[in-house]
Amino acid sequence: MAARRVTLGIDLGTTSVKAALVEAAPGDPSGFVVLASCARAARAEAAAQSAAAGPQGREQDVSRIIQALNECLTALPREQLRKVCGIGVSGQMHGVMFWKTGQGCEWTEGGAAPLFKPGTVSHLVTWQDGRCSSGFLASLPQPESHLSVATGFGCAVIFWLLKNSPEFLKFYDAAGTISDYVVAMLCGLRRPLMSDQNAASWGYFNTQSQSWNLEILRASGFPVHLLPDVAEPGSVAGRTSRAWFEIPKGTQVGVALGDLQASVYSCMARRTDAVLNISTSIQLAASMPSGFQPAQTPDPAAPVAYFPYFDRTYLAVAASLNGGNVLTTFVHMLVQWMADLGLEVEESTVYSRMIQAAAQQTDTCLTITPTVLGERHLPDQLASVTRISSSDLSLGHVSRALCRGIVQNLHSMLPFQQLKEWGVERVIGSGSALSRNEVLKQEVQRAFPFPVSFGQDVDAAVGAALVMLQRNLNQKES
């Protein structure tokens with residue numbers, strides 16, 4: 001009987017959860033077929049945020065994220081799930097959640113399929129969290145890493161909790177990103193395991209030595225027992241400890257990947273491609289040559305960072321905090337204004353009308369700098385609107401200017417001339433905000449001096465599946 005070569009990819013994003021079933025293309029070792037995919041809105045914003053974090057806190061309810069994951073798995077074809085031989089997981093980076101070892105989840109065997117639900121877990125503090133002020137970050141020890149530490153990074157959040165809620169930390173003995181948590185629960189791991197992609201996104205991790213800055217952290221009283229073990233991306237974290245939906249017990253599960261790296265893996269066909277991902281946030285990534293090593297001194301003011309990729313290579317990344325979330329904020333504002341005027345309208349209706357109006361308004365003199373969330377290299381920067389005239393105040397003008405501003409802000413972080421110098425010849429667009437917004441696509445095509453093509457909404461889930469599929473094929477060949 002032919003070996004099963006179907007892999008499941010999961011992406012645990014900020015606003016949605018996605019899953020994809022991928023199979024190797026017949027007769028083409030480098031090709032693949034997406035057999036089925038599914039996306040579900042997470043709607044995970046925690047109803048009760050941490051009081052100590054104040055209005056800058058951004059936390060998500062883990063049970064809602066797992067509920068969305070369970071809904072995705074339920075929607076996939078059962079006969080294909082039975083063929084799954086590997087599971088790849090990616091998810092939102094930087095954030096941190098905590099759990100108690102052995103009590104992190106509860107398995108339910110009854111009903112249509114076995115599944116797990118969160119047990120003794122904290123909220124997920126996301127990458128959007130702003131509780132760590134510039135002053136607080138300046139008080140932290142200098143990392144021995146090429147990457148700076150910013151608010152919303154796992155280690156910065158733990159330092160903040162150590163200072164402001166030390167009793168909270170004593171209650172838990174394990175920590176990780178949301179994707180590390182899912183891998184640990186599927187495999188029944190006693191200690192969480194993390195790829196260097198996620199470890200670097202937490203801060204205080206040296207990618208050259210592949211180790212945490214333990215001496216620096218211990219000297220500051222940091223609870224280093226909460227730091228996960230680290231493994232190479234693409235390696236196996238373990239095997240499913242139980243049957244999960246229709247997926248057999250003993251199925252290999254890969255160590256969790258960063259969602260950016262997983263998206264790039266699914267889209268980047270050759271080294272001369274750059275990948276533009278616009279989802280909740282926005283990233284533009286280009287591949288660095290093999291052997292490239294970033295300078296080991298972090299520069300908090302640098303708009304471009306170097307993220308670990310696969311096989312000890314790096315991606316040059318301009319990672320803006322202001323992407324699809326800016327459009328969501330604008331929609332929220334419009335809906336709230338209308339509610340204040342005594343009118344009720346659905347956000348989905350406002351969004352679609354906004355895009356329609358922008359599509360009809362092909363140009364505008366209005367200029368919007370959309371940095372409502374600041375940027376990691378400019379944390380105190382705010383948004384602004386300039387060149388306002390009475391003729392540019394329609395919904396179409398404002399929406400067009402907002403989409404253009406999102407792309408132009410990225411250009412200010414990574415000038416496209418730099419991409420040319422790196423040898424980039426093509427841009428691949430991906431991500432949920434880009435896939436459903438024709439105006440953003442137009443502005444991307446207008447801005448880039450390269451051919452632009454667009455991927456799918458489930459690129460990160462597909463990328464996570466492809467990493468496991470490639471591993472499975474390599475094992476078969478050897």
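Heads up: numbering here begins at 1 and tracks the sequence. Keep in mind the model is a prediction, meaning the values are calculated, not measured.
Under the 3.5 Å distance criterion, the side-chain polar atoms of Gln197 are matched with a main-chain donor or acceptor of Gly258. At least one donor-acceptor pair under 3.5 Å links the side chain of Arg191 to the backbone N or O of Leu227. Side-chain N or O atoms of Thr7 include none that pairs as donor or acceptor with a backbone N or O of Met468 at under 3.5 Å. Using a distance-only test at 3.5 Å, with no hydrogens or angles considered, no donor-acceptor pair links the side chain of Thr364 to the main chain of Arg400. Of the possible donor and acceptor atoms, one in the side chain of Thr74 sits under 3.5 Å from a partner among the backbone N and O of Asn70. The backbone N or O of Ala358 lies less than 3.5 Å from no partner atom in the side chain of Ser399, so there is not a single donor-acceptor pair. Between the Asp273 side chain and the Ala269 main chain, a donor and an acceptor come within less than 3.5 Å of each other. Distance alone, capped at 3.5 Å, places no donor-acceptor pair between the Asp61 side chain and the Ala46 backbone.
Within the cation-pi definition used here (under 6.0 Å to the ring centroid, within 45° of the axis), Arg131 does not qualify as a partner of Phe136.
Nearest heavy-atom pair, Ala433 versus Gly324, reported as atom, atom and distance to 0.1 Å: CB-CA, 3.9 Å. The two residues Ser148 and Phe153 come nearest to each other via the heavy atoms O-CE2, 3.4 Å. Nearest heavy-atom pair, Val275 versus Ser430, reported as atom, atom and distance to 0.1 Å: CG1-OG, 4.1 Å. Pairing each heavy atom of Ser432 with each of Lys18, the nearest pair is CB-NZ, 3.7 Å. Summarising the geometry of Leu414 relative to Ala318, their closest heavy-atom pair is CB-CB, 3.7 Å, with the distance given to 0.1 Å. Residue Ser290 comes nearest to Arg271 through the heavy atom pair N-NH2, 3.5 Å, listed as atom of the first residue, atom of the second, then distance.
Gln92 and Asp259 share no side-chain donor-acceptor pair at under 3.5 Å. When only modelled atom types and interatomic distance are considered, Thr126 and Gln60 share no side-chain donor-acceptor pair under 3.5 Å. Side-chain contact check for Ser211 and Ser209: at least one donor-acceptor pair (N or O, by modelled atom type) lies under 3.5 Å. Tyr314 and Thr207 form a side-chain donor-acceptor contact under 3.5 Å, judged by distance and modelled atom types alone. For the 3.5 Å distance criterion, the side chains of Asp11 and Ser90 qualify, holding a donor opposite an acceptor. Between the side chains of Thr14 and Trp127, a donor-acceptor pair is found at a separation under 3.5 Å. No donor-acceptor contact under 3.5 angstrom links the side chains of Gln261 and Ser263, judged on distance only. Looking only at atom types and distance, the side chain of Thr177 has a donor-acceptor partner in the side chain of Asp180 under 3.5 Å away. In this structure, a donor-acceptor pair under 3.5 Å is absent between the side chains of Glu232 and Ser195. Residues Asp129 and Gln56 have side chains that never bring a donor and an acceptor to within less than 3.5 angstrom of each other.
Atoms SG and CG, from Cys85 and Leu469 in turn, are 7.0 Å apart once rounded to the nearest 0.5 Å. The NZ atom of Lys117 lies 8.0 Å from the CD atom of Gln67; values are rounded to the nearest 0.5 Å. Taking CE of Met185 as the reference point, atom CZ of Arg242 lies at 11.5 Å (rounded to 0.5 Å). Annotation: the span from Ser352 atom OG to Ile355 atom CD1 amounts to 8.5 Å, rounded to 0.5 Å. In this structure, CE in Met268 is found 5.5 Å from OH in Tyr309, a value given to the nearest 0.5 Å. In this structure, OG in Ser279 is found 4.0 Å from CG in Asn277, a value given to the nearest 0.5 Å.
At a threshold of 4.5 Å between non-hydrogen side-chain atoms, the residues Pro118 and Ile66 count as touching. You'll find the side chain of Ile87 reaches within 4.5 Å of the side chain of Ile247, heavy atoms only. Within the 4.5 Å cutoff, the side chain of Leu21 has heavy atoms near those of the Val84 side chain. Two residues are said to be in side-chain contact when any heavy atoms from C-beta on lie closer than 4.5 Å; Thr151 and Trp160 fail this criterion. Between Leu81 and Leu73 there is a side-chain heavy-atom pair separated by less than 4.5 Å. Under the 4.5 Å side-chain criterion, counting only non-hydrogen atoms from C-beta, Phe448 is not in contact with His411. Looking at Thr313 and Phe292, their side chains never come closer than 4.5 Å, going by heavy atoms from C-beta outward. Looking at Met288 and Leu315, their side chains never come closer than 4.5 Å, going by heavy atoms from C-beta outward.
Aromatic ring pairs are classed by plane angle as parallel below 30°, tilted from 30° to 60° and perpendicular above 60°; the pair Tyr306 and His146 is tilted.
When each of Asn325, Leu327, Asn437, Asn322 is tested with Ile406 by the rule side chain to side chain contact (heavy atoms under 4.5 Å, CB included), just one qualifies, namely Leu327.
Crowding of Arg43 atom CZ: a count of heavy atoms from other residues, nucleotides or ligands under 6.0 Å not exceeding 12. Within a 6.0 Å sphere centred on NZ of Lys441, heavy atoms belonging to other residues, nucleotides or ligands number more than 12. By the neighbour-count criterion of 12 heavy atoms within 6.0 Å, atom CG of Asp311 is sparsely surrounded, having that number or fewer from other residues, nucleotides or ligands.
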Problem - Pair Phe330-Val350, side-chain contact (heavy atoms from CB on, under 4.5 Å): steps then yes or no - result: CA-CA 10 Å; Phe330 181 60; Val350 173; over 6 Å; no
Exercise for the section: Carefully, step by step, assess Leu321 and Thr371 under the rule side-chain contact (heavy atoms from CB on, under 4.5 Å). Expected result: CA-CA 8 Å; Leu321 301 177; Thr371 47; over 6 Å; no
Handout entry: Working for side-chain contact (heavy atoms from CB on, under 4.5 Å), residues Tyr204 and Leu140
Key = CA-CA 11 Å; Tyr204 293 98; Leu140 300 182; 3.4 Å; yes
Practice task
Given side-chain contact (heavy atoms from CB on, under 4.5 Å), test Asn409 with Ser412 step by step and report yes or no.
Solution key: CA-CA 5 Å; Asn409 179 56; Ser412 72; 3.8 Å; yes
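In this structure, Arg190 does not pair ionically with Asp229, as no charged nitrogen and carboxylate oxygen lie closer than 4.0 Å. Ion pairing of Lys83 with Glu246 is absent here, as no side-chain N (NZ or NE/NH1/NH2) approaches a carboxylate O to less than 4.0 Å.
A ring-centre distance under 6.0 Å is found for Phe205 and Trp212.
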